[in-house]
There are 2 protein chains.
Amino acid sequence: MAKKSPRVTITDVARTAGVSLSTVSRVMNDNPTVDPALAERVRGVATDLGYTANPLARSLVLGRTQTVAVVIPDLANPTFQAILRGLSRAADDDGYHVLIADSAEQVEKEPTLATTTRRRTDGVILCAPRMSQDELTAMLPALAPAVIVNRPPQPGAPTVAADYRSAMTELVAHLYELGHRRVAFLSGVPGSASGAARKTAQAEARIAHADLEIVEFPAGVDFDSGAQAAGPVLAASVTAVLAFNDLVAMGLLSAVTAQGVRVPEDLSIAGFDDIPFARFTSPPLTTAAVPAAELGRRAWAAMSALLSGDAAATSLVLTPEIVVRGSTGPAPAS
Amino acid sequence: MAKKSPRVTITDVARTAGVSLSTVSRVMNDNPTVDPALAERVRGVATDLGYTANPLARSLVLGRTQTVAVVIPDLANPTFQAILRGLSRAADDDGYHVLIADSAEQVEKEPTLATTTRRRTDGVILCAPRMSQDELTAMLPALAPAVIVNRPPQPGAPTVAADYRSAMTELVAHLYELGHRRVAFLSGVPGSASGAARKTAQAEARIAHADLEIVEFPAGVDFDSGAQAAGPVLAASVTAVLAFNDLVAMGLLSAVTAQGVRVPEDLSIAGFDDIPFARFTSPPLTTAAVPAAELGRRAWAAMSALLSGDAAATSLVLTPEIVVRGSTGPAPAS
DNA sequence: CTGTTAGCGCTTTCAG
DNA sequence: CTGAAAGCGCTAACAG
């Protein structure tokens, strides 16, 4: 009825029910030390008045907001979207809310975003933070409780990550078995822990196979970066390429195909992540299936544990499965 | 140094600076009525102590949280992801935070999600809400300020939407010109306003063209729904199909292709939305390009206006452009 | 079992 | 220009 809905407070309920604030508070919090009859009456008044406790006021006094923050490097990246989705739904199931902070690939914004969002929440989940190790360890205490996704185990915070290294090892082995000896790697942005893991795997592979050559091309993490890498890659006379991720692979695939290069007959291309659309390119992409939504779920589980206090700072690793599709094939006879 | 970081409060700053709370507060809020020298000293102490005002406490007294909530039907849907991204970045530019609420396609959760998140924020953006009109108008007052995305103009809340109807009109015209006279429509979930708009356009087209037939098949909104519709669609002897969205189109495309049907020679398929990967199917998808990120940006702009009080409840409509790619072609000579 | 009294950390009149 | 005091809406001892 009221034109300017004046929020009904606990005081209103108390007054119209003829009891004290504490009683109403107790009733609303299902405190059993209240006379059932009285409780019922108060509850009645509360619903009549449409009363719900102001979460802000509760948060202030209780010291918890029932909300966590998630810092994401790029909301346009399907993998991060999947992590966010898994996390958000899991948190929701436990009655928690999620505040998102998209740093839009600007590494320098990460620390600020993390700290400012942390202050309005009960904890923060850092997704594939690209900030330096020093920065990270420096700010971690101020963020606690925090959980970190896709970065190496870290003192001071539980970690949830995919094993990019072993997945890359398998991908390289796959190409090697197909006869590829000279392959390109489109390396993604610097500072990425998963990027480092990929390179480690490649270095190991080169040691294991003296006749294997891997030439690195700097490139970004998105479709356009892949497309732009087409020229250099084609000029490098490799028979296969490992793209930083599926987006890059798709960009490359699209660009080389436009130039008449046949995939995989002339050139094999492998992606990484297995984003939802990796199977729909033509040919469909060979890639490493990173269980992103599951990572998100696990990240929440870790945060939830931290929040409940039963927190042995765990460090969980999920292993991606290689999925071989049409974009990789035998090396062309040279 | 402290093991258990005891948050530094305004009182701490006041005490160690030898001034009153109010002075610190004034300084932190750049209130000019403070002696510059004093202000400088206080500021010094504040930084020394690493003080930042507790946003919760401020929110409680100020009555605003600097946060808005976004209710999304499905975080796995690329279109909603894009809306969220556009919105989130725009809000961030204005110093606002975003709380996400993914209803995971459960319409019945929408009202609760909206109301509960609203209480911890300054406003809520409803994304393509599927709840009934009555429910919507009933809860709108309690949500204000609210803005609604992808639903018809609404008293009580500004609206930002894509013109699904005109886009569908163009899509139908495109198919008609190609000679298609019997086409299928995979209709998506009930309750969707954009779905209704699509149907209106089709009804109008049938009136304009007596020889045009559009047969409707109930289907969902995701890839699998499209794939499952393959059987019925193929049995219906149509020459073209209008999918509810790109996801459905891709599912259908994938399934019929697997059965040896050639697209577009045997069957034309049109999607809707122009999600980022619509161009990478083979053949690439003809579709209507809904400017999702822009919708998100505009939604924030509307919310921002509401928040600043200068709010004529506008109703903005963006018109999708048809993009013709390889998945549609001339109707096969029968 | 219920009411009174302090705060949570901050902003804001209202006096000086 | 600065401080004292009230209060945002709620919870949690602490008394009855």
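A quick note: this is a predicted structure, and the numbers were derived from the prediction, not measured. Chain letters run A, B, ... following the sequence lines, proteins first and then strands; every chain starts at 1. Just so it is clear, the values below take in all heavy atoms, side chains as well, and ignore hydrogens, waters and symmetry mates.
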What nucleic acid atoms does B:Val61 come within less than 4.0 Å of, heavy atoms only: base, sugar-phosphate, or nothing? base
Atom CG of A:Asp12 and atom P of D:dG9 are separated, to the nearest Å, by 9 Å
Carefully, step by step, assess B:Arg89 and A:Asp102 under the rule salt bridge (Lys or Arg N to Asp or Glu O under 4.0 Å). CA-CA 7 Å; B:Arg89 293 189 179 170; A:Asp102 176 8; 2.6 Å; yes
With heavy atoms under 4.0 Å as the rule, sort B:Leu62 into base, sugar-phosphate or nothing. sugar-phosphate
Heavy atoms of B:Ala91 and B:Val98 approach each other most closely as CB-CG2, 3.9 Å
Under 4.0 Å, counting only non-hydrogen atoms across every strand here, what does A:Leu56 touch: a base, just sugar-phosphate, or nothing? nothing
List the atom pairs, donor and acceptor, that lie under 3.5 Å between side-chain atoms in residues 121-128 of chain B and the rest of the protein, sequence neighbours left out.
residue  : atom : partner  : partner atom : Å
B:Thr121 : OG1  : B:Thr117 : O            : 3.0
B:Thr121 : OG1  : B:Arg118 : O            : 3.2
B:Thr121 : OG1  : B:Gly123 : O            : 3.2
B:Asp122 : OD1  : B:Thr65  : N            : 2.6
B:Asp122 : OD1  : B:Thr65  : OG1          : 2.8
B:Asp122 : OD2  : B:Thr65  : N            : 3.0
B:Asp122 : OD2  : B:Gln66  : N            : 2.8

For B:Asp35 and D:dT2, give me the distance from atom CG to atom P, rounded to whole Å. 5 Å
Between P of D:dG9 and CZ of B:Arg120, the distance in whole Å: 16 Å
Atom CD1 of A:Ile10 to atom P of D:dC8: distance rounded to whole Å? 13 Å
Separation of atom CD in B:Gln66 from atom P in C:dT11, rounded to whole Å: 13 Å
Rounded to the nearest Å, what distance is computed from the CG atom of residue A:Leu60 to the P atom of nucleotide C:dC8? 9 Å
Looking only at D:dC10, D:dT2, C:dG9, the nucleotide nearest the B:Val34 side chain is D:dT2
Pairing donors with acceptors under 3.5 angstrom, does anything connect the side chains of A:Asn31 and A:Thr33? yes
Quick one: is C:dC10 close enough that its OP1 or OP2 comes under 4.0 Å of any side-chain N or O from B:Arg58? no
Under 3.5 Å, which donor-acceptor pairs link side chains of residues 35-47 of chain B to any protein atom two or more places apart or in another chain?
residue : atom : partner : partner atom : Å
B:Asp35 : OD1  : B:Ala37 : N            : 2.9
B:Asp35 : OD1  : B:Leu38 : N            : 3.2
B:Arg41 : NH1  : B:Ala17 : O            : 2.8
B:Thr47 : OG1  : B:Arg43 : O            : 2.8
B:Thr47 : OG1  : B:Gly44 : O            : 2.9

For A:Asn54 and C:dC8, what is the distance between atoms CG and P respectively, to the nearest whole Å? 18 Å
Please give me the minimum heavy-atom distance between B:Met139 and B:Ala114, naming the atom from each residue. CE-CB, 3.9 Å
Which residues, if any, of residues 18-32 of chain A bring a heavy atom under 4.0 Å of DNA chain C? A:Val19, A:Ser20, A:Ser22, A:Thr23, A:Arg26
For a 4.5 angstrom cut-off between non-hydrogen side-chain atoms, does B:Pro129 reach B:Val71? no
